Amino acid sequence: MNLTLIARPPFNFLSVVQSHGWIQLAPFRFDENSGSLYYVDRLADGRVVEYRITGSSNGVKVQTPSLNKSERNEVKEKVSWMLGLDQDFSSFYKAVSKEPKLRTAKKFARGRVLRSPTFFEDVVKTILTTNTLWAATKRMNLNLIASFGDPLADSDSKAFPTPDRIAASNDKVLRETVRVGYRAPALYELAVRVASGELNLESYKTSSLPTLDLRKELMKIKGVGPYAAANLLMILGRHDFIPIDSWALKVVSNEWYRGKPVTPKQVEKRFEKWGEYKGLAYWFWDWDLKYS
DNA sequence: GGTAGACCTGGACGC
DNA sequence: GCGTCCAGGTCTACC
């Protein structure tokens, strides 16, 4: 079955797909030869399907197995969210039009970041990026899916686990089997709170809270500090904060401080002028990476 | 508000 | 093969 989804222009499929490392985290998979993004998803009715998403002249095409009407609407809604098809970055392009380091922002339709269908998945993945190397993040994510994900028929692939499946486990399994280390209690508590309905993470997608208040809410989640909260705000389309990690300190140091160590405050100061677009300006800055 | 130290894992390295 | 060091954010205690 083929679905066609229209994006708000300007839109560039590859810019979204390559916007950050999520593309390397299962159940995402990218085939460079065909330029296709694959994602294994567990639909609301429990059926596990794989999408194949490719760019088109004005949006994307989504290839799926045969779906009923309700499933079709669910897939359309999820893919639209994952690729931010309706997001509008015109004011960002206007604000940065004179900045040489961001001059290609509009040309390549930068601004959208690839996101998971559920905010729960993005929060879990973000916690898995904290205080560890990228290879370990990928491994922990794979272990989590292997341990708790529902399988795709006739395939080795699995969907990302639901909160219920993780909540039905315990932090000992998360630590010893999934190998998430000290993050285990945080992940378990998150899954339990979401599964029980105490915490409605999906409501944050449409929250009317000011960004500062939303940030405070995110930082109430165990394992989510300033970096993780800023990363999650970017995913939610709030760009007022910079996800300052060791990479940010390094590239800012190389860009403006001749490789001398810098503090998070110095990073913030460098992007202060971009106001509500600070996160976008940082994320899509044309860094001189030859020193990195 | 700022800072120090603990928290875990796995890769790199030296022996 | 073993031991040690290191990178990576968050949390807590303390000042």
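Side chains are part of it too, since the values below use all heavy atoms of this structure and drop only hydrogens, waters and symmetry mates. Computed from a predicted structure; not experimentally measured. Letters A, B, ... mirror the listed sequences (proteins, then strands); counts begin at 1.
Remark: A:Asn2 CG is packed, more than 12 non-hydrogen atoms of other residues, nucleotides or ligands lying under 6.0 Å away.
Cation-pi geometry between A:Arg115 and A:Trp81 is met: the NZ or CZ atom falls under 6.0 Å from the ring centre, inside 45° of the normal.
Ring geometry for A:His239 against A:Phe89 counts as tilted: the plane angle lies between 30° and 60°, on a 0 to 90° scale. Relative ring orientation between A:Phe271 and A:Trp285 is described as perpendicular, the plane-to-plane angle rising above 60° on a 0-90° scale split at 30° and 60°.
The CG atom of A:Leu232 sits 14 Å away from the C1' atom of C:dT10 (whole-angstrom rounding). Spacing between atom CD of A:Glu189 and atom P of C:dT10 amounts to 16 Å, rounded to whole angstrom units.
Scanning for side chain to side chain donor-acceptor pair (under 3.5 Å) contacts around A:Gln266 gives A:Thr263, with sequence neighbours left out. Applying the ring-ring contact (aromatic ring centres under 6.0 Å, His included) test to A:Phe28 and every residue at least two apart in sequence or in another chain returns A:Tyr39.
Only at 4.0 angstrom or more do the heavy atoms of residues 255-267 of chain A sit from any atom of DNA chain C, so none qualifies. Residues from residues 214-228 of chain A placing a heavy atom under 4.0 Å of any atom in DNA chain B do not occur.
Comparing the local axis fitted to the first five base pairs of the helix from B:dG1-C:dC15 to B:dC15-C:dG1 with the one fitted to its last five gives a bend of 30°, rounded to 10°.
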So which protein N/O to nucleotides 4-8 of chain C N/O distances come out below 3.5 Å?
from, atom 1, to, atom 2, distance (Å)
C:dG8, O5', A:Ser246, OG, 3.1
C:dG8, N9, A:Asn131, OD1, 2.8
C:dG8, N7, A:Asn131, OD1, 3.3
C:dG8, N2, A:Asn131, O, 2.8
C:dG8, N3, A:Asn131, O, 2.4
C:dG8, N3, A:Asn131, OD1, 3.1
C:dG8, N3, A:Thr132, N, 3.4

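Put simply, chain A comes within 4.0 Å of DNA chain B, heavy atom to any atom, from B:dG2 to B:dG11, going 5' to 3'.
The side chain to side chain donor-acceptor pair (under 3.5 Å) pairs that include a residue from residues 272-282 of chain A are A:Ser91-A:Tyr277, where partners are two or more places apart or lie in different chains. Residue pairs meeting the salt bridge (charged side-chain N to carboxylate O under 4.0 Å, His left out) criterion with at least one member in residues 237-247 of chain A: none, sequence neighbours excluded. Here side chain to side chain donor-acceptor pair (under 3.5 Å) pairs that include residues 8-18 of chain A, with residues two or more places apart or in two chains, are A:Arg8-A:Asp86. The salt bridge (charged side-chain N to carboxylate O under 4.0 Å, His left out) analysis of residues 98-113 of chain A, with sequence neighbours excluded, yields the pairs A:Lys101-A:Glu255.
For an aromatic pair to be called close, the ring centres must be under 6.0 Å apart, and A:His20 with A:Trp283 satisfies this.
Other cluster members for A:Tyr38: none, since no ILVMFWY side-chain heavy atom sits under 4.5 Å from it.
Here A:Lys265 does not pair with A:Glu268 in a salt bridge; the nearest charged N to carboxylate O distance is not below 4.0 Å. A salt bridge is defined here as a Lys NZ or Arg NE, NH1 or NH2 lying under 4.0 Å from an Asp or Glu carboxylate O, and A:Arg42 with A:Asp150 meets this definition.
No donor-acceptor distance shorter than 3.5 angstrom exists from the side chain of A:Gln63 to the backbone of A:Tyr51, with no hydrogens or angles considered.
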